[in-house]
Asker: 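Got a structure for you, written out below as structure tokens; questions coming shortly.
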Amino acid sequence: MLKRKLLAATIAATLCGASQAAVDINGFASIKGGMALGNSDELYGYDDDFSFKNESLAALQVKSDLGDKLSVTAQLLGRGANDWDVKFEWAFLSYDLTDSLRVNAGRLRTPFYKYSDFRDVGYAYDWSRVPQSVYGLGFDNIEGASLYHTTTLGNFDSSLQLIVGSYDGDAAIGDAVADAQIDNVTGIAWELGQDGYSFRMAYLVGKTTFYVDPLDNSTTGLYAQLRAFGLGALASELDIVDESSSFAGIGFNIDKNDWLIVSEITKASVDNSFISDQESYYISIGHRFDSITPYVSFEKEDNKAKTELYAGVPAASPIFAPVAGLVNQMEMERNSINIGVRYDFHPSAAFKAQYTNADNKTEDRKDSVLVVGVDLVF
């Protein structure tokens, strides 16, 4: 497990430690194939046709030591789901203020989760994918700066990260894609660890604006229609324009006597909008038998629709149905069970197989998927 963590840290650029060479080039890849197990099942982009594209990816990371405590890191990543179009996932400068304090600036991974830095590096964890109920906020990176501090507090290793920045790009809203602008992102992530135990917390806030043409179009959008009906106040309660948003998460990890237990609980919210508060958690338990690690995990996603927003709209009104539909589509209660195994058949590669069954209580349907593949670092 220690070797796995060290390899993952090298590839995913944990932001402590100095480069030993002028230029370091590393990479990682995931070659995975899977399919949904029922004729009508659809889950995580899979249907009943076997596909190798959906979750396969490959990346190269280049880190250059420029001397005098300055370095630059860039990560190029291509995903099969995007026809292997290569994009910069990370690109930032780092400056070591002291041996334990580093500042980074550029395109950074936002520290929402325990595995934020590693979420694309499948070799870094036992699952075939990070738990989607928790790791599904819709965006991962920001343009900004962070201050990273490592130290010891008594018998505990402490890693503290402060981050500021903004995001401008696409974000998922239910089944739709929004043009998102998230400004004034400010946050903290702190992890304490000792002898196989660790605890982590994160809290971030920002100002969020989402544009979706069927909603925001100034002539044909739903909000324009509401204002035409004299319901401008309702339109303002629904729309997402410079609204306060927040993310909070806590988690723990136990790695003792070959038992592996990890859990995270998160809540994300966008005030004064139709976006439901997103409350999620997972817990995963596994046991290492030499090179083989079987595991089971449970995920819970519980997003309550803000039905109070349209409570005062008469059901006979022509705008009731579109408003209720907009709000209710954000409702989601889904429980997922994952059963899988990891086999470390090579010092830098692991074979994985994972079965997932998702019980969508909101839509009264169950979907299952089986994925097999190899995660590797190089």
Side-chain angles (χ1 to χ4, degrees), residues 7-8 10-13 23-36 42-64 72-93 104-113 115-125 127-132 135-144 165-182 185 209-213 348-350 352 354 369 371-378:
L7 280 168
T10 300
I11 299 303
V23 177
D24 290 330
I25 301 176
N26 300 288
F28 58 90
S30 295
I31 308 301
K32 298 178 181 179
M35 64 182 296
E42 292 183 359
L43 189 64
Y44 305 146
Y46 291 103
D47 55 25
D48 59 354
D49 292 323
F50 193 88
S51 172
F52 271 100
K53 291 184 65 176
N54 192 41
E55 292 187 291
S56 294
L57 58 84
L60 282 176
Q61 181 171 287
V62 180
K63 182 177 180 179
S64 179
V72 60
T73 301
Q75 186 183 103
L76 290 166
L77 186 146
R79 302 181 189 274
N82 297 330
D83 294 325
W84 299 101
D85 290 341
V86 176
K87 297 181 179 180
F88 277 100
E89 193 73 10
W90 295 355
F92 58 87
L93 289 171
N104 308 281
R107 184 172 179 81
L108 307 169
R109 182 57 55 91
T110 315
F112 292 121
Y113 319 107
Y115 294 98
S116 284
D117 284 349
F118 309 140
R119 67 172 299 163
D120 294 321
V121 190
Y123 186 83
Y125 42 81
W127 317 297
S128 288
R129 71 185 65 82
V130 290
Q132 296 299 289
Y135 285 68
L137 192 57
F139 73 101
D140 297 314
N141 301 319
I142 66 169
E143 317 293 335
S166 63
Y167 174 79
D168 187 359
D170 293 338
I173 303 181
D175 295 329
V177 177
D179 182 4
Q181 178 71 47
I182 305 175
V185 175
T209 298
F210 286 167
Y211 180 89
V212 181
D213 191 70
S348 299
K352 298 179 184 179
Q354 180 171 307
V369 65
V371 174
V372 297
V374 174
D375 292 318
L376 57 98
V377 294
F378 53 89

Asker: Given side chains that start at C-beta, do those of Arg109 and Asp140 come closer than 4.5 Å, heavy atoms only?
Answerer: yes
Asker: So do Ser348 and Val377 actually touch side chain to side chain, heavy atoms under 4.5 Å?
Answerer: yes
Asker: Tell me every residue that passes side chain to side chain donor-acceptor pair (under 3.5 Å) with Gln132, counting only those two or more places apart in sequence or in another chain.
Answerer: none
Asker: Give a yes or no on whether Phe50 atom CZ has more than 12 heavy-atom contacts from other residues, nucleotides or ligands under 6.0 Å away.
Answerer: yes
Asker: Please report the interatomic distance OG1(Thr110) to CG(Asp117), rounded to the nearest 0.5 Å.
Answerer: 10.0 Å
Asker: Can you pull out every salt bridge (charged side-chain N to carboxylate O under 4.0 Å, His left out) where at least one residue sits in residues 42-51? Sequence neighbours excluded, please.
Answerer: none
Asker: Measure the spacing between CG of Leu57 and CD1 of Ile31 and express it to the nearest 0.5 Å.
Answerer: 7.5 Å
Asker: Once salt bridge (charged side-chain N to carboxylate O under 4.0 Å, His left out) is applied, what residue pairs with a partner in residues 74-83 remain, sequence neighbours excluded?
Answerer: Lys53-Asp83, Arg79-Glu89, Arg79-Asp120
Asker: Would you call Tyr135 and Arg129 a side-chain contact if the rule is heavy atoms closer than 4.5 Å?
Answerer: no
Asker: Within the 4.5 Å heavy-atom criterion, are Asn141 and Phe88 side-chain neighbours or not?
Answerer: no
Asker: Where do Phe112 and Phe139 land on the ring-ring contact (aromatic ring centres under 6.0 Å, His included) test, with the steps shown first?
Answerer: CA-CA 10 Å; Phe112 292 121; Phe139 73 101; 5.5 Å; yes
Asker: Flag the pair Tyr113 / Leu137 as yes when at least one side-chain heavy-atom distance between them is below 4.5 Å, and no otherwise.
Answerer: yes
Asker: Indicate yes or no for a side-chain donor-acceptor contact from Asn54 to the backbone of Gly34 under 3.5 Å, with no hydrogens or angles considered.
Answerer: no
Asker: Looking at CZ of Phe52 and NZ of Lys32, how far apart are the two atoms once the value is rounded to the nearest 0.5 Å?
Answerer: 12.5 Å
Asker: Is any side-chain heavy atom of Ile25 less than 4.5 Å from a side-chain heavy atom of Phe378?
Answerer: no
Asker: Heavy atoms only: give me the nearest Met35-Tyr46 pair and the separation to one decimal.
Answerer: N-CD2, 3.9 Å
Asker: Aromatic rings Tyr115 and Tyr125: how do their planes relate, parallel, tilted or perpendicular, breaks at 30° and 60°?
Answerer: perpendicular
Asker: Closest heavy-atom contact between Pro111 and Ser116?
Answerer: C-OG, 3.8 Å
Asker: Would a 4.5 Å heavy-atom cut-off, applied to side chains only, mark Phe210 and Asp179 as touching?
Answerer: no
Asker: Do Asp375 and Trp127 have side chains that get closer than 4.5 Å, going by heavy atoms?
Answerer: no
